[in-house]
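Read through the structure below, which is laid out as structure tokens, and then see the notes.
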Protein chains: 2
Amino acid sequence: MNPRRTNFRRLVRPAARQVSGARPAYTPGVPQEQPDNDHLHFWSFIDHAVSRATRELPGVDPLAMRLVLTLHRAANMLVYDLESTVHRPRGWSWPGFRVLFAVWLAGPVEAKKVAELSGMSRAAVSALVGTLERDGLVTKERAPHDGRAVHLGLTAAGMQAITSAFRSHNEREREWAGSLSADEQETLISLLGKLTAHSTHFEAKHRA
Amino acid sequence: MNPRRTNFRRLVRPAARQVSGARPAYTPGVPQEQPDNDHLHFWSFIDHAVSRATRELPGVDPLAMRLVLTLHRAANMLVYDLESTVHRPRGWSWPGFRVLFAVWLAGPVEAKKVAELSGMSRAAVSALVGTLERDGLVTKERAPHDGRAVHLGLTAAGMQAITSAFRSHNEREREWAGSLSADEQETLISLLGKLTAHSTHFEAKHRA
DNA sequence: AAGAGATGATCAAAGCTTTGATTAAGTGGC
DNA sequence: GCCACTTAATCAAAGCTTTGATCATCTCTT
């Protein structure tokens with residue numbers, strides 16, 4: 001838990017300093033200390049990764065690799081943008097928003113159902129509901145016919161919060177989607193849908 | 001931090017218990033305690049969300065909403081599956097794998113570059129490298145020409161780990177990608193690429 | 001009626017992530 | 001040389017997530 005001052009392998013400071021911007025000279029026969037990766041950037045990362053993996057690791061499926069890298073990156077960027085422009089400025093998180101949204105959609109609803117709908121674990125929902133309740137957005141009541149379950153509902157503040165946040169959220173979604181024509185959006189949605197639908201055909205692990 | 005026994009609004013236990021499976025009778029004029037959401041499931045969630053939001057919140061862009069929900073869900077399912085079938089069983093995490101992979105790709109490389117390549121914050125990389133170093137997969141050295149920077153490299157164990165994990169990872173990627181034809185995969189990749197590329201045109205927030 | 005088993009929620013421990021502060025080191029102006 | 005500014009990394013606090021354990025409650029079988 002506490003890495004406490006990692007043990008650097010301290011190097012002797014080189015006698016002659018390089019001029020700013022200069023690169024260490026290449027010495028034939030000796031492995032380069034600092035390989036040339038100045039050309040490697042965020043946007044070229046996937047290309048380099050795929051081509052090097054294909055070259056060095058026989059049997060790799062480059063298209064599948066590229067697909068997953070691209071999908072993961074797109075989702076990450078989207079989440080980062082929405083979370084930092086819409087949700088965090090309001091003092092909430094995207095996960096909190098997702099729970100709030102599920103409760104809004106499903107009315108007074110058991111925590112278990114919220115977990116199923118939002119694709120989270122029950123423990124995660126439990127934790128999120130903890131903070132949402134603390135912040136006065138969600139109410140928790142024991143379920144009438146099942147002493148184990150809790151029913152979740154929105155407070156007035158929660159209703160106000162989800163409505164306002166949702167507008168802002170969708171505004172931002174529209175910006176993202178605006179990169180594509182309506183047809184392209186439909187196509188993308190349909191391909192992604194196919195991907196997730198078929199994930200039930202091989203034993204893809206999913207929640208509960 | 002410690003929600004400590006949340007304050008349930010304790011309800012009086014109903015006198016007459018319902019038979020298993022029966023639903024509370026509908027009482028006209030009185031709001032239903034438990035709205036009928038039995039038809040709401042993981043797979044119908046997006047449809048319901050879009051249609052209800054469109055109905056109740058004027059001005060919502062349903063296609064953009066559906067796009068983001070679908071993309072987010074696809075990425076989540078993919079990550080969950082890969083993490084739980086490939087990485088966690090080996091004792092590592094996907095984020096750890098991503099750092100390891102970036103180091104493998106970029107050779108001895110500064111932590112800052114790893115953050116840029118993998119799309120993580122420098123603090124996140126710092127934390128991940130902490131555990132990767134503790135587990136003997138990554139080495140950390142002070143950069144020769146810059147006393148602030150650290151150069152990251154793979155240990156023999158790290159090299160072995162990334163190679164083996166990557167094979168397994170790509171095997172799994174192939175299963176996922178197998179839902180789509182090669183053409184469809186290309187299309188999907190290209191649409192996602194367009195989405196991320198265009199995110200620089202509106203002021204999408206991104207890291208560093 | 002009673003025990004066995006299933007189920008819903010929560011807790012606990014560990015890890016990852018974020019933002020903002022801090023520390024150390026390099027850069028540039030004078 | 002000195003001081004302000006910038007930059008790399010790390011720390012700190014808070015929050016989210018995961019798995020597995022625990023507790024309470026419900027259900028089923030006998």
Side-chain angles (χ1 to χ4, degrees), chain A residues 1-6 8 13 17-21 76 79-80 83-84 87-89 91-99 109-116 118-135 140 142-143 145-152 205 207-208, chain B residues 1-6 8 13 17-21 76 79-80 83-84 87-89 91-99 109-116 118-135 140 142-143 145-152 205 207-208:
Chain A
M1 190 109 236
N2 235 336
R4 272 305 138 215
R5 271 301 151 209
T6 49
F8 287 116
R13 195 65 171 301
R17 300 275 310 289
Q18 299 285 335
V19 188
S20 163
N76 265 0
V79 167
Y80 185 83
E83 181 135 36
S84 59
H87 301 292
R88 268 204 291 274
W92 310 312
S93 63
W94 180 327
F97 172 76
R98 286 169 63 202
V99 165
V109 61
E110 293 175 17
K112 184 200 165 111
K113 180 131 250 170
V114 170
E116 188 206 335
S118 61
M120 297 171 173
S121 70
R122 274 179 296 160
V125 170
S126 182
L128 284 165
V129 166
T131 84
L132 290 172
E133 192 192 24
R134 183 201 59 189
D135 295 348
K140 215 153 63 170
R142 277 228 122 78
H145 303 322
D146 188 335
R148 296 164 302 179
V150 293
H151 276 187
L152 305 176
K205 200 166 174 206
R207 235 180 297 266
Chain B
M1 189 111 235
N2 234 336
R4 270 308 135 213
R5 272 299 151 211
T6 49
F8 286 116
R13 194 65 171 301
R17 300 274 309 289
Q18 299 286 333
V19 188
S20 163
N76 265 0
V79 167
Y80 185 82
E83 181 135 36
S84 59
H87 300 291
R88 267 203 291 275
W92 311 312
S93 63
W94 180 326
F97 172 76
R98 286 169 64 203
V99 166
V109 62
E110 293 176 18
K112 182 196 166 119
K113 179 132 250 169
V114 170
E116 188 206 335
S118 61
M120 299 170 171
S121 69
R122 276 182 295 165
V125 169
S126 182
L128 284 165
V129 165
T131 85
L132 290 173
E133 191 192 26
R134 183 202 60 190
D135 296 348
K140 218 155 58 172
R142 278 227 122 77
H145 302 322
D146 188 334
R148 297 164 302 177
V150 292
H151 276 187
L152 306 176
K205 200 166 172 204
R207 233 178 298 266

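The structure presented is a predicted model; accordingly, all values stated were derived computationally and were not measured. A note on names: the letters A, B, ... follow the listed sequences, proteins ahead of strands, and every chain is numbered from 1.
- Looking at every heavy atom in both residues, B:Y80 comes nearest to B:R88 through CE1-NH2, 4.3 Å.
- As rounded to whole Å, 14 Å separates atom C1' of D:dT10 from atom CG of B:L128.
- Along DNA chain D, the nucleotide nearest B:S84 and the nucleotide nearest A:S93 are compared for position; the residue whose nucleotide lies closer to the 5' end is A:S93.
- Side-chain atoms of A:R148 lie closest to D:dC26 of the nucleotides D:dC26, C:dT10, C:dT17.
- Among the nucleotides C:dT10, D:dC16, C:dC16, the one closest to the side chain of B:P95 is C:dC16.
- Here C:dA9 is the nucleotide among C:dA9, D:dA9, D:dT25 with the atom lying nearest to any side-chain atom of A:V150.
- Note: CG (B:L152) to P (D:dA8) measures 14 Å, nearest angstrom.
- Annotation for B:S84 and A:K205: closest pair OG-CD, 3.5 Å, computed over non-hydrogen atoms.
- To the nearest 0.5 Å, atom NE2 of residue A:H151 and atom NZ of residue A:K140 are 13.5 Å apart.
- One interatomic measurement links the two molecules: CG of B:N76 to P of D:dC16, which rounds to 15 Å at whole-angstrom precision.
- Following rounding to the nearest Å, A:D146 (CG) and C:dA6 (P) show an atom-to-atom distance of 17 Å.
- The side chain of A:Y80 approaches C:dT19 more closely than any other nucleotide in the set D:dT19, C:dT19, C:dA9.
- Checked against C:dT10, C:dT7, D:dA9, the side chain of A:K140 finds its nearest nucleotide in C:dT10.
- We find that CD of A:E133 is positioned 17 Å from C1' of D:dG15, with the value rounded to whole Å.
- Between A:H87 atom NE2 and D:dA14 atom P the separation is 23 Å, expressed in whole Å.
- Distance NZ/A:K113 to CD/A:E110: 8.5 Å, rounded to 0.5 Å.
- Each of D:dA9, C:dC16, C:dT19 was ranked by its minimum atom distance to the side chain of B:E110; first place goes to D:dA9.
- Residue A:R134 places at least one side-chain N or O under 4.0 Å from the OP1 or OP2 atom of D:dG15.
- At the phosphate of C:dT18, OP1 or OP2 sits under 4.0 Å from a side-chain N or O atom of B:S121.
- Heavy-atom distances to DNA chain C give each of A:A127 and B:V125 a nearest nucleotide, and the one nearer the 5′ end belongs to A:A127.
- Contact between the side-chain N/O atoms of B:R122 and the OP1/OP2 oxygens of D:dT10 is not found at any separation under 4.0 Å.
- Between A:S126 and C:dA9 there is no side-chain polar atom (N or O) within less than 4.0 angstrom of OP1 or OP2.
- Rounded to a whole Å, the CD atom of B:E83 is 10 Å from the P atom of C:dT17.
- The side chain of A:A124 lies closest to D:dT18 when the candidates are C:dG15, D:dT10, D:dT18.
- The CZ atom of A:R88 sits 19 Å away from the P atom of D:dA13 (whole-angstrom rounding).
- As judged by a 4.0 angstrom heavy-atom cut-off over every strand, A:A123 is placed among the base-contacting residues.
- Distance check, rounded to the nearest 0.5 Å: CD of B:E83 to CG of B:N76 gives 11.0 Å.
- Distances shorter than 4.0 Å separate none of the side-chain N or O atoms of B:T131 from OP1 or OP2 on C:dG15.
- What you find for B:S118 and B:V125 is that their closest heavy atoms are OG-CG2, 4.5 Å.
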